[in-house]
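Keep in mind the model is a prediction, meaning the values are calculated, not measured. In the text below, chain A, chain B and the rest are named by the order of the sequence lines, each starting its count at 1.
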Amino acid sequence: NAGVTQTPKFQVLKTGQSMTLQCAQDMNHEYMSWYRQDPGMGLRLIHYSVGAGITDQGEVPNGYNVSRSTTEDFPLRLLSAAPSQTSVYFCASSYGQVSSEKLFFGSGTQLSVL
Amino acid sequence: AQKITQTQPGMFVQEKEAVTLDCTYDTSDPSYGLFWYKQPSSGEMIFLIYQGSYDQQNATEGRYSLNFQKARKSANLVISASQLGDSAMYFCAMREGQGAQKLVFGQGTRLTINP
């Protein structure tokens, strides 16, 4: 039972480079989301999706793009990396989007932008 | 406005003692859920316990219990008989409403259990 799988676990980029963080879940969850975790700031929502073909912005969406072509996958794209995007990124999913649904998290991606 | 407030950046507790981690929240929605997650040094986010706004009783999960005081908008996590493995960051989080698109997190409390 894989749950939520994120790749890669670590990544170093140079300013201006682009990359995609991968996220996949095998629990048939409709809701998927991306968070970033910065020291002393908790986790903040970047983008989320409530189903295939539907995405929306969270609290800190600038500099990131997402798409949801399948229920299973929700990649996060950095188009032109900046040092301010150095952070730990978590993908999370839940079956639905009601207030009682807990989120299942991936193991995280530690990204450094030089 | 801060929706989730954790006022204890760090706490130090002796092994086997009980510990209470504080969390206050702010919402005008009558339907919401409160969650606690543990993040050990390895980095993963581990779900601990959930409390719904309409739940009449405080939630319990093994050594974890949630002291839910709705009028005070407080949802403190209580860990009984602490163990060395409880040393970690603990996050309180809230999901609001029936179309709850996001989980809002507090800044976390770093708990250290001393032998």
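- In terms of modelled atom types and a separation under 3.5 Å, the side chain of Arg95(B) and the main chain of Lys102(A) share no donor-acceptor contact.
- Put simply, Leu43(A) and Tyr64(A) are part of two different groups of oily side chains (I, L, V, M, F, W, Y) that touch within less than 4.5 Å, one to the next.
- With contacts defined as side-chain heavy-atom distances shorter than 4.5 Å, the pair Leu103(A)/Phe47(B) does not qualify.
- Linking Ile, Leu, Val, Met, Phe, Trp and Tyr residues whenever their side-chain heavy atoms come within less than 4.5 Å leaves Phe90(A) and Val66(A) in two separate clusters.
- For a residue to count as touching a neighbouring chain, one of its non-hydrogen atoms must lie under 4.5 Å from one of that chain's; by this rule Ser94(A) touches chain B with the side chain only.
- Both Met11(B) and Leu84(B) are members of a single hydrophobic cluster when ILVMFWY side chains are connected at heavy-atom separations under 4.5 Å.
- Residues Met32(A) and Ile54(A) are members of separate hydrophobic clusters, defined by side-chain heavy-atom contacts under 4.5 angstrom among Ile, Leu, Val, Met, Phe, Trp and Tyr.
- No side-chain heavy atom of Phe104(A) sits less than 4.5 Å from a side-chain heavy atom of Met45(B).
- The number of heavy atoms from other shown groups lying within 6.0 Å of CD (Gln14(B)) is above 12.
- Linking Ile, Leu, Val, Met, Phe, Trp and Tyr residues whenever their side-chain heavy atoms come within less than 4.5 Å leaves Tyr48(A) and Leu21(A) in two separate clusters.
- The candidate with the highest count of non-hydrogen atom pairs below 4.5 Å against chain B, out of Arg44(A), Gln37(A), Glu59(A), Gln110(A), is Gln37(A).
- Among all heavy-atom pairs drawn from Phe35(B) and Glu101(A), the shortest one is CZ-O, 3.5 Å.
- Of the two parts of Gln39(B), only the side chain, counted from C-beta on, holds a non-hydrogen atom closer than 4.5 Å to a non-hydrogen atom of chain A.
- From Lys102(B), atom NZ reaches atom CD of Gln57(A) across 11.5 Å, with rounding to the nearest 0.5 Å.
- Within 6.0 Å of NZ in Lys70(B) there are more than 12 heavy atoms belonging to other residues, nucleotides or ligands.
- How far CG of Leu103(B) is from OH of Tyr35(A): 4.5 Å, rounded to the nearest 0.5 Å.
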